[in-house]
Amino acid sequence: MSTIPKVELHLHIEGAAPPAFIRGLAQEKGVNLDGVFNEDGSYKFESFNQFLSVYEAACTVLTGPEEFARLTTAVLEQSIAQGVIYTEAFLSPDFCGGGDVGAWREYMNAMQEAAAKLPEIEMRGIVTCIRHFGPDQAKVAAKCAAETAGGFITGFGMGGDEMVGTQGDYAYSFDMAREAGLRLTTHAGEWGGADSVWQAVRDLKVERVGHGVQAIDDLALVDHLAEHGIVLEVCPGSNVALGVYPDWRSHPIEKLRERGVPVTVSTDDPPFFHTTLSAEYDRLADTFGWDDEVVREVNVTAAKSAFCDTVTREKLLKTLEPTT
Ligand code: ADE
Ligand code: ZN
């Protein structure tokens, strides 16, 4: 599947860091990362909360703009190898200067410059607050987003522990981002059930939802998503690795697609979940019989719902046109 051009909408830049990259930086800086890796070198976690802790521990070696520039290059090179032509990455001011706008601008510039050196792929950034850091810290991230909106930064989103508070607790930040012209997505319905997706749509007025898969438990919601064209950024390998669903067969992506919900496919934090975007499509082909035309259609949906300018979108859609 790696020869089919792909559009990825849901990728956390830190979560895409190869473990060897993080280990290399830890060695350079003399940082102790005990507990972060298994003996075979992979990231070590057995639950979602452990995953979040290991993720944040790994981030401690990403200490400046230079580290994020190197990370961006490493991540985009991985994506290019998967045939990805456009990627939207979640970028967190909390891990990039702690929320100071001036510092954030330097980190952002470093990532943008690194991305510009790779003509094979287009990248845009979605500034992302971390839910379990709380609504006040989210406002700090939203301010960074608003101050740097336009061009490279095209969206605002929220990741982190969905079981903390409600989506509506973060409405102030999402309103600030919307007023700055940013487009909106939030993680919902990964852990918090269908109600969390309703909250995201109603209280944050997002046009895309990160994961959103638990919408399948409320068919009125499924119909609402389909009717309003609210796009799901589905990451099946992530859901199976973290135990949202026990196996690929049980994953609802195909049911959602059959009921008319616009679904897209992404990897979330690929090295954590031992996946790549091509591997995701291979598993979807094996499990649900997705052929090349379905893969193409899903990537067209992603291109149409990408948070990018019209010229870029038209270019993506042209590349995705069938060759026959
Ligand atoms: N941050 C990185 N990966 C995440 C996920 N799957 N859910 C919530 N926050 C995240
Ligand atoms: Zn995610």
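Only heavy atoms go into these numbers, but all of them, side chains included; no hydrogens, no water, no symmetry mates. We count ligands from 1, going down the list as the structure has it; atoms in each ligand are counted the same way.
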Determine, using heavy atoms of [X] and all atoms of ligand 1, whether some pair is separated by less than 4.0 Å.
X	value
F48	yes
F90	no
E14	no

Quick check on contacts: which atoms of ligand 1 are under 4.0 angstrom from a heavy atom of [X]?
X	value
D268	3 (N), 5 (C), 6 (N)
H12	1 (N), 2 (C), 3 (N), 4 (C), 10 (C)
H211	6 (N)
Y55	2 (C)

Looking at E88 and R208, does any basic side-chain N land under 4.0 Å from a carboxylate oxygen?
yes

N-O pairing of K255 and E258 below 4.0 Å:
no

What protein heavy atom lies closest to atom 7 (N) of ligand 1? Include the residue and the distance to one decimal.
E190 OE1, 2.7 Å

Does one side chain, of T166 or Q199, offer a donor that lies under 3.5 Å from an acceptor on the other?
no

Geometric cation-pi criterion K139 and Y172, 6.0 Å radius, 45° cone
yes

Ring centers of F90, H187 separated by less than 6.0 Å:
yes

Can you confirm whether or not the ring centre of W191 sits under 6.0 Å from the ring centre of H211?
no

Test your reading of the structure: does D269 have an N or O sitting under 3.5 Å from an N or O of ligand 1?
yes

Minimum-distance pair of heavy atoms, taken over all atoms of T301 and V263:
CG2-O, 3.9 Å

Within less than 2.8 Å of the Zn ion (ligand 2), any N, O or S from H211?
no

State whether C235 contributes an N/O/S atom found under 2.8 Å from the Zn ion (ligand 2).
no

Using heavy-atom distances, let me know which of S92, G160, G157 sits nearest atom 8 (C) of ligand 1.
G160

Closest to the Zn ion (ligand 2), which N/O/S atom of D268 is it?
OD1

With under 30° as parallel and over 60° as perpendicular, where do the rings of F51 and F48 fit, or are they tilted in between?
parallel

Mutual orientation of the aromatic rings belonging to F45 and F273 [parallel < 30°, tilted 30-60°, perpendicular > 60°]
perpendicular

How many degrees, to 10°, between H10 NE2 and H187 NE2 as seen from the Zn ion (ligand 2)?
90°

